Every structure is written in C-alpha cells, then in structure tokens.
Amino acid sequence: MNKQPRQRIVLKVGSALIAPDRQGCSSRYLLAIAQFIVRCRAKGIQTILVSSGSIAAGAHRFPLKPGSEANSPEAQVVLKKAMAAAGQTEMMATWDKFFDFPTAQILLTHGDLRDRERYLSIRETVFTLLDHDILPILNENDTVTTDALKVGDNDNLSAMVAAAADADTLVICSDIDGLYNKNPHLHSDAELRPEVNKIDAAIYAMAGGSHSDVGTGGMRTKIEAAEKASSHGIDTYIVNGFKEESFNALLSGRNPGTLFRASETPLQERMHWLTHTVRAQGEVIVAADEEMDSAKNCAELSSNEVLEVKGNFAAGDTILLRSDDGTCLAKARSNYSSSLLSFIAEQEDPELADSFTDSLGGIVSEKDIALLSKTPQLEK
Ligand SMILES: Nc1ncnc2c1ncn2[C@@H]1O[C@H](COP(=O)(O)OP(=O)(O)O)[C@@H](O)[C@H]1O
Ligand SMILES: N[C@@H](CCC(=O)OP(=O)(O)O)C(=O)O
C-alpha cells in the first residue's frame, strides 16, 4: 500500500484460499491473512473482510450420488444454496478462531445494495462495527439470492462494499500473482502487469474466466471490481493470497501483484452508487442525435424524444438511457413507470404527451442522473 498511512482497507478472500481441498475450511492459507488483518489493526488501519468460500466450505456435506437428479443444472443451483448455508457457519467459525477481537457477519444481496435506503443502512452498520473494533465479515447471501437479486461474485461485491464503506484500499486475494497480459494457466509466456492506470477494453481483453469449480469470479470480475473501486478513488490490488510475502509487501508499502490506481477525479458517492452499484431495471431509447451530454440535457428529455421503452420498471427505479446506436448515455432514476412512460411516448399528439409531463414533471430528475462514457458498450 502507498507510503502515506492507509485508514480503511477492504480485503477480499476467494474460495480457493478458504477451502483449498474442497473438504471444508482449512487454516492452511488463512493464518497469514489473519495475521495481516491483525497487523493492519495494530497500525491503526481499519479492516473489512469480504470472504468467499461458503459454497466451497459446505460442498463436502453434499456428496453427489452418481446418476442422481442432483446432477441437473437446476438441481445444482439449489444444491449450491444449501452448500452455502451449511458452509457459511463453518467459514465464519474458521475466521473467528484466528482473532482475539470479535467478528460480525453481514450477508448481502444486490437487492440490498441497489436500494438506496438499505445501502445506507448497510454503510451505517459497517461504520458502527468498525467504531467498536469489530471485524465485519461480508459475503453474498447465496442461500436466499436469485438471479435477479444477486451480485454473483465477491470481486464485484467487495468493490461495492469498499465504495459503501469509503475505503481507500481494496485488496483482492486470488490464487494468482495478479493480472497477466493473458491467462498464465494457459499461456507460459504470460507477463504480469504490475500497474494499471486506465481500465479499458484492452485490459478487459486480457482476462479469462475462472478455472476453479467453486469460484465464480475469474479475472474479468476482478477487473470490473477494480474499475468500480478505482472510480471511487480506491487503490485496488490483486495479490496472490497463497503467498505470505504478498501481505508483508503490502504492509511495507510495496506492490506484490497488480495495482489499479485510484482515479484522480473520483465520482461523488451518490453518483458512484448510481453508476456502479445500482443495476438498471429497464431502458429508455432515444435518437443518437439527441444532445444527452449533460445531466441538464438528460433532465429535459421529453416524451416525444423517447423512441422505445424496454423492460418493466416502477417509478423510482433506475433506468439506462441509451441511444439507438447502442451508446450508453446515462443511468438515472425514473419518475415514471415503464407502462405510463410507454403510454405517454405512444401518444401521437405531442401536446397531449407534454400535458402529462407538464403535470407530472420530467421523466428523470437532474440530481439523479449519472452520465456514462460515450462509447457503445454493454452495461457492466
Ligand atoms: N489475464 C489473466 N491473468 C491472471 N489470471 C487469469 C487471467 N485470465 C484468466 N485468469 C484466471 O483467473 C483465475 C483467478 O480467478 P478465480 O478463478 O476467480 O480465483 P480466485 O477465486 O482465487 O480469485 C486465475 O487462476 C486464472 O486461472
Ligand atoms: N458467495 C460465494 C462467493 C463465490 C465467489 O465469488 O467465489 P470466488 O470467485 O472464489 O471469490 C461463496 O461464498 O461461495
């Protein structure tokens, strides 16, 4: 970590470190990580742990019988939820054994993080725990989450937690030294990237998926996490969690892996939340020549400029403003439901359409708009 004293760090630990043999939790690699947490606290650095591994820890409780229906993809999803439920308690108990200070469990879904009220409540809880020197240990609530509600990987979850907790450093512990120019498990000539100052398509092109059977992240989700965190002013490291030297290096201000440098112009907290944490519930398509390059212009969007309304959303949900050439323009809180907006946008008579917006107000509000980059891209 950089020379200047760091005040708050989020540490993400992957499944392969928690249950390397898939036979329940093992302290084999966790002792060095626990000692790192203790040493951080001794230096006055507050620490938050995002720990994967509930599924990996619980998997051995569910031996698969050959040919059973549990081999179907649907059954596998249900089984993983049960594994997570069984493994979560074992994982928490394993961490708790290392410390002579208390730990606290926070299980989240993306549904919690994209709801502003619940997001602020989580943030408040984390701050209260830190104020009382209690180590928050967070994980996705795999047992109850659904495709619509889940973050899906703890790399991205750890970045959202780091933003919510106003951390200044995110350390993602992986089973590899850092980001290579290609997957080192597949290419013997792969080279480690020590620093990344700008995350772009070329960086994403380096990343492949996970090779482990219980991990879900792979390198792509780590880059997504680094993009979220660095845009919030958070230095993000990918380090090899299997090497004690990684943690010694961090504590002495050296970079043992890949450092994604924090943006010099971080997004304001609410804008960051809107841009990187909230998932759009629908889309509003406008013509590519519409001037949507400022929050003010977006807020002046009128119903007769709406070409199409996609998805089902309620008033208050977040939508994606996209031009008809595919460019993501902005994410914004919609003041209209998708059905009402579709009805208004379909009115042939622009004066009738305007009479609705005149009485109900703008489609989106200027204070709830986060402009996105002006290049055609898939929404992350
Ligand atoms: N460009 C890359 N650089 C490094 N690792 C990569 C890259 N592309 C794909 N990978 C794979 O991503 C894995 C790390 O992600 P993951 O499997 O989620 O592990 P963990 O759960 O320990 O974080 C590496 O072991 C490697 O197989
Ligand atoms: N919530 C899941 C996390 C899965 C996950 O992100 O795993 P990994 O890619 O090993 O960090 C679990 O506890 O198993």
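Remember, predicted model here, so these are calculated numbers, not experimental data. Order of listing sets the numbers, starting from 1, for every ligand and every atom in it.
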Original post:
Does A84 come within less than 4.0 Å of ligand 2, judged by its heavy atoms?
Top reply: no
Original post:
Within less than 4.0 angstrom of ligand 2, does M91 place any heavy atom?
Top reply: no
Do any nitrogen or oxygen atoms of [X] come within less than 3.5 Å of a nitrogen or oxygen of ligand 2?
{"X": "I55", "value": "yes"}
{"X": "G14", "value": "no"}
{"X": "N139", "value": "yes"}

Is any N or O atom of [X], backbone or side chain, closer than 3.5 Å to an N or O atom of ligand 1?
{"X": "S174", "result": "yes"}
{"X": "N181", "result": "no"}
{"X": "M206", "result": "yes"}
{"X": "D155", "result": "no"}

Relative to ligand 1, is [X] under 4.0 angstrom through side chain, backbone, both or neither, heavy atoms considered?
{"X": "P184", "value": "side chain"}
{"X": "K222", "value": "side chain"}
{"X": "H185", "value": "side chain"}

Original post:
Looking only at non-hydrogen atoms, which of N154, N141, L157, N156 approaches atom 3 (C) of ligand 2 most closely?
Top reply: N154
Original post:
Considering D175, D142, I172, V13, which one's heavy-atom position lies nearest to atom 1 (N) of ligand 2?
Top reply: D142
Subject >> Side-chain donor-acceptor pair present, N335, S365, cut-off under 3.5 Å >> reply: yes
**OP:** Determine whether the side chains of N240 and D175 contain a donor N or O and an acceptor N or O closer than 3.5 Å.
**Re:** no
**OP:** Would you check whether A190 reaches within less than 4.0 Å of ligand 1, judged by its heavy atoms?
**Re:** no
Subject >> Proximity flag R220 to ligand 1, non-hydrogen atoms under 4.0 Å >> reply: no
Can [X] and [Y] be counted as an ion pair, charged N to O under 4.0 angstrom?
{"X": "K222", "Y": "D153", "value": "no"}
{"X": "D155", "Y": "R220", "value": "no"}
{"X": "E90", "Y": "R61", "value": "yes"}
{"X": "E283", "Y": "R322", "value": "yes"}
{"X": "K81", "Y": "D142", "value": "no"}

Please table the atom pairs, donor to acceptor, closer than 3.5 Å between any side-chain atom in residues 304-312 and protein atoms at least two apart or in another chain.
residue : atom : partner : partner atom : Å
N304    : OD1  : S302    : OG           : 2.7
E305    : OE1  : S302    : N            : 2.7
E305    : OE1  : S302    : OG           : 3.3

Ligand 2 atoms in contact with [X] (distance to a heavy atom under 4.0 Å):
{"X": "K12", "value": "8 (P), 11 (O)"}
{"X": "S54", "value": "12 (C), 13 (O), 14 (O)"}
{"X": "D153", "value": "6 (O)"}
{"X": "S15", "value": "7 (O), 8 (P), 10 (O)"}

**OP:** Not counting sequence neighbours, which residues clear ring-ring contact (aromatic ring centres under 6.0 Å, His included) with F247? List them please.
**Re:** F36
**OP:** Answer yes or no on whether R193 is positioned over the face of Y180, meaning its NZ or CZ is under 6.0 Å from the six-membered ring centre and within 45° of the axis.
**Re:** no
Original post:
Is it the side chain, the backbone, both or neither of D155 that has a heavy atom closer than 4.0 Å to ligand 2?
Top reply: neither
Subject >> Contact summary for D293 and N297, nearest pair of heavy atoms >> reply: OD1-ND2, 2.9 Å
**OP:** Could you tell me how the ring of Y29 sits relative to the ring of F242: parallel (under 30°), tilted (30 to 60°) or perpendicular (over 60°)?
**Re:** perpendicular
**OP:** Specify whether F101 and F99 have parallel, tilted or perpendicular ring planes, treating 30° as the upper limit for parallel and 60° as the lower limit for perpendicular.
**Re:** parallel
Original post:
Should you measure from each heavy atom of G178, which atoms of ligand 1 turn up under 4.0 Å away?
Top reply: 3 (N), 4 (C)
